[in-house]
Participant: 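The structure's right below; bear with me while I get my questions together.
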Amino acid sequence: MSRPVYVLGAGAHPWGKWPETTQLQMALDAMNAALGEAALGWPDVQGLVAASSRFQGGMGWGLHANEVAQAAADQGMACINVGGACAAGAIAFSTAYAMIASGQYDVVAALGAEQMPRGFIPRPPGSQDDPTDHDYLRWVTMGATNPAFWAMEAQRRKHDFGTTDETYARAAMLMRRNAQGNRLARFRKETGLEEVLGSPMVADPLHLLEICPVSDGAAAVILGTEAFARRSGAKLVQVAGCATATGSFGDPGRRIPTVSGSVRPGISSTSEVVTAAERACAMAGIGPEDVDVLELADNTAWHILAWPELLGFCEPGEADGLLASGAFDIGGSAVALNPSGGFLSFGEATTAQAVLQICEVSWQLRGTAEGHQVPNARIGMTAVLGLSSNGGSVILTV
Amino acid sequence: MTGASVAVPVVDGLFALVAGEARLTGTRCASCGTHYFPRAISCRNPACRDKQVEPAALPNTGTLYSYTIQHYQPPPLFRMDDWAPYALGVVDLGEGLQVMGMLTGVPLDEIRIGMALRLVIEPLYLDAERGEVLTYKFAPLGGEQAA
């Protein structure tokens with residue numbers, strides 16, 4: 001049995017640095033906002049799927065859903081905690097979707113909440129000094145930070161397609177411009193070309209303002225059956241497709257934290273995300289050309305150019321021209337790319353980020369994306385990548 | 001270990017001098033021929049049934065696939081004497097294997113994608129207890145001999 005699943009409500013705590021609060025408090029704020037939009041209360045929620053973080057909360061066991069349940073609603077819910085690093089939010093969503101589609105539950109929430117440590121993301125505490133562990137080796141043998149991996153992709157793109165430093169800067173500027181009207185974004189000031197190119201060089205060719213920092217934030221989505229979806233009277237937003245995937249053997253992409261690749265010809269880079277997106281499209285019966293809004297994981301300006309090509313929105317090397325022509329703008333001729341402002345304007349709150357992408361798409365389709373609304377958005381898609389080859393993609397339709 | 005002349009690898013078993021030449025120690029799948037670095041406990045190729053993996057000294061020359069220059073000092077897990085911005089590269093060693101490592105022996109503004117490189121073993125830092133600590137790097141082929 002499989003039955004249609006709908007987004008009943010979405011909610012988020014604004015992104016930023018919030019040292020005075022806790023990730024649990026932010027999770028509750030996001031859940032309450034989502035319940036409010038759904039016109040539901042805690043007694044209606046039968047299941048809670050949380051993205052597990054390694055940074056804060058979860059009683060050290062990743063029990064983030066249980067923590068929320070014990071704080072807000074001790075009522076016999078199914079609590080499921082899922083790992084998946086930066087893709088965990090998409091995996092939580094897919095799990096919640098399956099719980100409802102299967103007929104087992106009628107209302108299930110997916111949520112992610114995060115308080116991030118400052119600076120470069122360190123190794124997990126207690127990690128062994130294992131000579132076969134890539135994450136250990138990338139630090140001790142060469143000190144390769146996350147931006148270094150992205151920078152090598154960006155450098156290679158310059159070689160392959162002639163992408164210029166100005167194009168990378170303009171990709172970052174698009175994100176800041178989109179975020180101007182989004183009250184949830186952390187960086188909402190329009191940013192000029194000289195400001196981006198004048199920001200400190202982190203790892204050539206990527207400047208500080210072309211790389212996402214880390215932030216604190218939380219987001220929640222309530223999923224449910226059609227009967228529950230009709231309660232709030234809001235526009236029905238259906239889950240048309242959702243999928244998760246691992247990578248393909250031979251993927252040539254630079255995968256954090258791996259210090260090597262065993263590359264095979266004919267395999268796509270970032271194959272975990274490509275496969276997840278293809279599965280989501282197949283499930284929804286659509287192609288990239290049908291998508292009005294795309295929220296992708298822009299860890300850097302390189303991602304804004306490369307991912308639309310990898311995901312089939314345009315041919316390899318075409319994204320530079322589309323960006324320059326305004327085709328990726330809100331109201332542009334191609335897909336609206338990260339109308340939220342993306343990771344570059346939010347900063348990444350790892351496990352919460354993929355849930356926020358889904359919230360954003362839901363608001364765009366409902367027409368409530370105040371200040372950054374894509375006109376007549378009917379089909380929206382998310383794409384996210386998590387550590388250790390986790391890809392996730394969700395497609396919503398109205 | 002004592003004595004100033006002692007030199008130790010930053011990680012045991014990662015590289016070795018074989019007949020005077022620096023070689024990375026990895027794994028080769030005898031069943032499907034895939035090379036891995038560092039050592040792998042199994043073959044990742046889903047189509048490979050037998051997965052008979054064995055230690056292998058990997059190719060030690062290749063071409064630069066891409067690179068970057070790190071301008072910010074990495075977290076303390078990475079140690080390096082006289083820290084200054086330095087280059088990291090991805091080197092295509094053939095056999096489908098691409099390996100990341102520090103670049104050495106080339107000015108930062110003369111690094112070019114496609115340049116020929118060879119593996120070298122060089123000091124990373126001097127440790128009061130362990131002595132000189134070595135890592136693997138890639139240097140221009142035909143360039144200066146490594147320390």
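So that the names make sense, note that chain A is the first sequence line, chain B the second, and so on, each numbered from 1.
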Participant: Quick one: does A/Thr141's side chain get under 4.5 Å of B/Met100's, heavy atoms only?
Facilitator: no
Participant: Examine whether an atom of B/Glu95 lies under 4.5 Å from a heavy atom of chain A, and if so say whether it belongs to the side chain, the backbone or both; otherwise answer neither.
Facilitator: neither
Participant: Assess whether atom CD of A/Glu194 is packed by more than 12 heavy atoms of other residues, nucleotides or ligands within 6.0 Å.
Facilitator: no
Participant: Does CG in B/Leu17 sit with more than 12 non-hydrogen atoms of other residues, nucleotides or ligands closer than 6.0 Å?
Facilitator: yes
Participant: Would you say CG of B/Asp109 has more than 12 non-hydrogen atoms from neighbouring residues, nucleotides or ligands within 6.0 angstrom?
Facilitator: yes
Participant: Against chain A, label B/Asp12 side chain, backbone, both or neither, depending on which of its atoms sit under 4.5 Å from a heavy atom there.
Facilitator: backbone
Participant: What part of B/Val11 is in contact with chain A, defined as an atom under 4.5 angstrom from a non-hydrogen atom: side chain, backbone, both or neither?
Facilitator: side chain
Participant: Compare all side-chain heavy atoms of A/Lys158 with those of B/Ile113 and state whether any distance is below 4.5 angstrom.
Facilitator: no
Participant: Report the C-alpha separation of B/Leu97 and A/Val263 in whole Å, then their side-chain angles, then the decisive distance to 0.1 Å, and conclude whether the side-chain contact (heavy atoms from CB on, under 4.5 Å) test is met.
Facilitator: CA-CA 6 Å; B/Leu97 186 64; A/Val263 178; over 6 Å; no
Participant: What's the verdict on side-chain contact (heavy atoms from CB on, under 4.5 Å) for A/Val202 and B/His71, showing C-alpha distance, side-chain angles and the deciding distance?
Facilitator: CA-CA 5 Å; A/Val202 175; B/His71 293 263; 5.9 Å; no
Participant: In terms of heavy-atom proximity below 4.5 Å to chain B, should A/Arg254 be classed as side chain, backbone, both, or neither?
Facilitator: side chain
Participant: Tell me if a side-chain donor or acceptor on B/Thr68 pairs with a main-chain N or O of A/Met152 at a distance below 3.5 Å.
Facilitator: no
Participant: Using only atom types and a distance under 3.5 Å, with no angle test, would you say the side chain of A/Ser262 pairs donor to acceptor with the backbone of B/His35?
Facilitator: yes
Participant: Return yes if some donor-acceptor pair links the side-chain N/O of A/Arg156 with the main-chain N/O of B/Tyr65 below 3.5 Å, else return no.
Facilitator: yes
Participant: Do B/Gln70 side-chain atoms and A/Thr145 backbone N/O form a donor-acceptor pair below 3.5 Å?
Facilitator: yes
Participant: For the backbone of B/Phe37 and the side chain of A/Ser260, can you confirm whether one donor and one acceptor N or O come within less than 3.5 Å of each other?
Facilitator: yes
Participant: Evaluate the criterion side-chain hydrogen bond (donor to acceptor under 3.5 Å, both in side chains) for residue pair A/Arg157 and B/Ser66; output intermediate values, then yes/no.
Facilitator: CA-CA 9 Å; A/Arg157 184 180 176 90; B/Ser66 192; over 6 Å; no
Participant: Side chain from CB out, backbone as N, CA, C, O: work out which of these in A/Thr258 comes under 4.5 Å of a heavy atom of chain B, or both, or neither.
Facilitator: backbone
Participant: Let me know if B/Arg39 has heavy atoms under 4.5 Å from chain A in its side chain, its backbone, both or neither.
Facilitator: both
Participant: Is B/Leu14 in contact with chain A via its backbone, its side chain, both, or neither, using a 4.5 Å heavy-atom distance?
Facilitator: side chain
